[in-house]
Amino acid sequence: MVAEKDSHLKKKQDKMDKNRNLSPHFTLDEMQRSTTADLHHVTNVAPPEAVDCLRQLCLEVLEPLRQHLQSPVIINSGYRCPRLNTLVKGARNSQHMLGQAADIRTESARQAIEMMHFIMDNCRFDQLILEHNAQGKRWVHVSYNAGKNRQQVLVIRA
């Protein structure tokens, strides 16, 4: 009976931790969520030091961006464990694996440029990259590295 109660409490605590807020509008769950991880049965859970980095990214960049846009900011990719990073063909030294980076979904080139201009003009950041794939889908990659932000802006061209 005690073991069942302990197990139930552990599951409840795990669920609360997974959904805990990193900032007013961003949760740990959304910063770890990955369709690729689900498809390949990869457990993508950020270690405590990466959670701290994700919180800083949310507070310093993503939250101000959301407040500026006055609408939700959708994260395509936040934290990636090494296995997930390999599956998505991420850079070997990807800041996603440290919890320092997020890829933000954009609906149009105009929206992507608006996001980038806001971040450049109002936030400290390490890298800000406008990226796209062969299908023309665009996203904004942004990273935050406390104390070591380069303010580097790049545009990836196919």
Side-chain angles (χ1 to χ4, degrees), residues 14-15 17-69 71-107 109 111-120 122-158:
D14 288 348
K15 186 174 182 179
D17 286 347
K18 187 175 169 185
N19 292 314
R20 77 172 180 234
N21 284 356
L22 298 171
S23 71
H25 295 98
F26 294 92
T27 65
L28 180 57
D29 183 51
E30 74 185 297
M31 297 301 286
Q32 296 178 135
R33 188 177 309 130
S34 169
T35 305
T36 302
D38 292 344
L39 278 170
H40 295 274
H41 308 290
V42 173
T43 302
N44 189 49
V45 177
E49 56 277 4
V51 173
D52 291 341
C53 291
L54 287 167
R55 182 175 292 106
Q56 291 175 347
L57 174 64
C58 290
L59 291 171
E60 297 292 333
V61 181
L62 300 177
E63 194 63 41
L65 177 63
R66 192 214 186 271
Q67 290 173 7
H68 168 73
L69 296 174
S71 64
V73 171
I74 309 300
I75 304 303
N76 288 335
S77 182
Y79 173 77
R80 295 180 196 153
C81 67
R83 172 89 175 108
L84 176 59
N85 194 62
T86 299
L87 286 169
V88 300
K89 297 178 175 54
R92 251 192 355 240
N93 59 346
S94 173
Q95 288 180 288
H96 286 277
M97 294 188 296
L98 302 173
Q100 296 177 344
D103 294 337
I104 305 166
R105 179 183 305 164
T106 62
E107 300 302 321
Q111 184 188 44
I113 290 167
E114 177 187 359
M115 287 179 180
M116 290 187 71
H117 277 287
F118 176 81
I119 294 168
M120 284 187 291
N122 298 282
C123 301
R124 292 179 300 145
F125 61 92
D126 189 41
Q127 285 190 316
L128 184 61
I129 308 172
L130 178 57
E131 298 187 77
H132 65 90
N133 61 19
Q135 293 76 38
K137 195 175 202 179
R138 289 181 182 83
W139 63 93
V140 173
H141 168 97
V142 64
S143 63
Y144 180 86
N145 185 359
K148 299 175 187 161
N149 288 309
R150 296 173 283 176
Q151 301 292 117
Q152 184 179 53
V153 180
L154 303 166
V155 175
I156 304 297
R157 300 182 194 274

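Numbers here simply count residues along the sequence, with the first being 1.
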Check whether any side-chain heavy atom of Leu87 sits under 4.5 Å from a side-chain heavy atom of Leu39, and report yes or no. no
Any non-hydrogen side-chain atom of Ile104 less than 4.5 Å from a side-chain atom of Leu62? yes
Quick one: are Ser34 and Arg80 in side-chain contact, heavy atoms under 4.5 Å? no
Rounded at 0.5 Å granularity, tell me how far CZ in Arg33 sits from CG in Asn76. 11.0 Å
Atom pair CG/CG of Asp52 and Leu98 - distance to nearest 0.5 Å: 12.5 Å
Does Leu154 reach the side chain of Leu128, with side-chain heavy atoms less than 4.5 Å apart? no
What closest approach, in Å, do Asn145 and Asn149 show between heavy atoms, and which atom pair accounts for it? N-OD1, 2.8 Å
Does the side chain to side chain contact (heavy atoms under 4.5 Å, CB included) test come out yes or no for Leu65 and Asn122, once each step is laid out? CA-CA 9 Å; Leu65 177 63; Asn122 298 282; over 6 Å; no
Passing option when Thr106 is tested against His132, Gln111, Glu114 for side-chain contact (heavy atoms from CB on, under 4.5 Å): Gln111
Are side-chain heavy atoms of Tyr79 and Leu28 found at a separation under 4.5 Å? no
Below 4.5 Å, heavy atoms only, C-beta onward: do Phe26 and Ile75 meet side chain to side chain? yes
Step-by-step side chain to side chain contact (heavy atoms under 4.5 Å, CB included) determination, Phe125 to Met120: CA-CA 8 Å; Phe125 61 92; Met120 284 187 291; 4.2 Å; yes
Please report the closest heavy-atom contact between Ser23 and Glu63, naming both atoms and the distance. OG-OE1, 2.8 Å
Would you compute the distance between atom CG of Leu57 and atom CD of Glu60 and round it to the nearest 0.5 angstrom? 9.5 Å
Give a yes or no answer on whether the side chain of Asn85 reaches the backbone of Cys81 with a donor-acceptor pair at less than 3.5 Å. no
Would you say the side-chain atoms of Gln56 pair up with the backbone N or O of Tyr144, donor to acceptor, closer than 3.5 Å? no
Side-chain contact test, heavy atoms from C-beta onward, threshold under 4.5 Å: evaluate it for Asn44 versus Thr36 and give yes or no. no
Between Gln95 and Asp126: side-chain donor-acceptor atoms closer than 3.5 Å: yes
Answer yes or no: is there a donor N or O on one side and an acceptor on the other, between the side chain of Gln127 and the main chain of Arg150, under 3.5 Å? no
Are Arg55 and Arg20 close enough that some pair of their side-chain heavy atoms sits under 4.5 Å apart? yes
Could you list the donor-acceptor pairs under 3.5 angstrom formed between side-chain atoms of residues 134-141 and any protein atom two or more places apart in sequence or on another chain?
unit_1, atom_1, unit_2, atom_2, d
Gln135, OE1, Asn133, ND2, 3.4
Trp139, NE1, Glu131, OE2, 3.2
His141, ND1, His96, NE2, 3.4
His141, ND1, Asp103, OD1, 3.0

Supply the atom-to-atom distance Ser77 OG to Met31 CE, rounded to the nearest 0.5 angstrom. 8.5 Å
Testing the basics here: between Ala112 and Leu130, what is the closest heavy-atom pair and its distance to 0.1 Å? CB-CD1, 3.6 Å
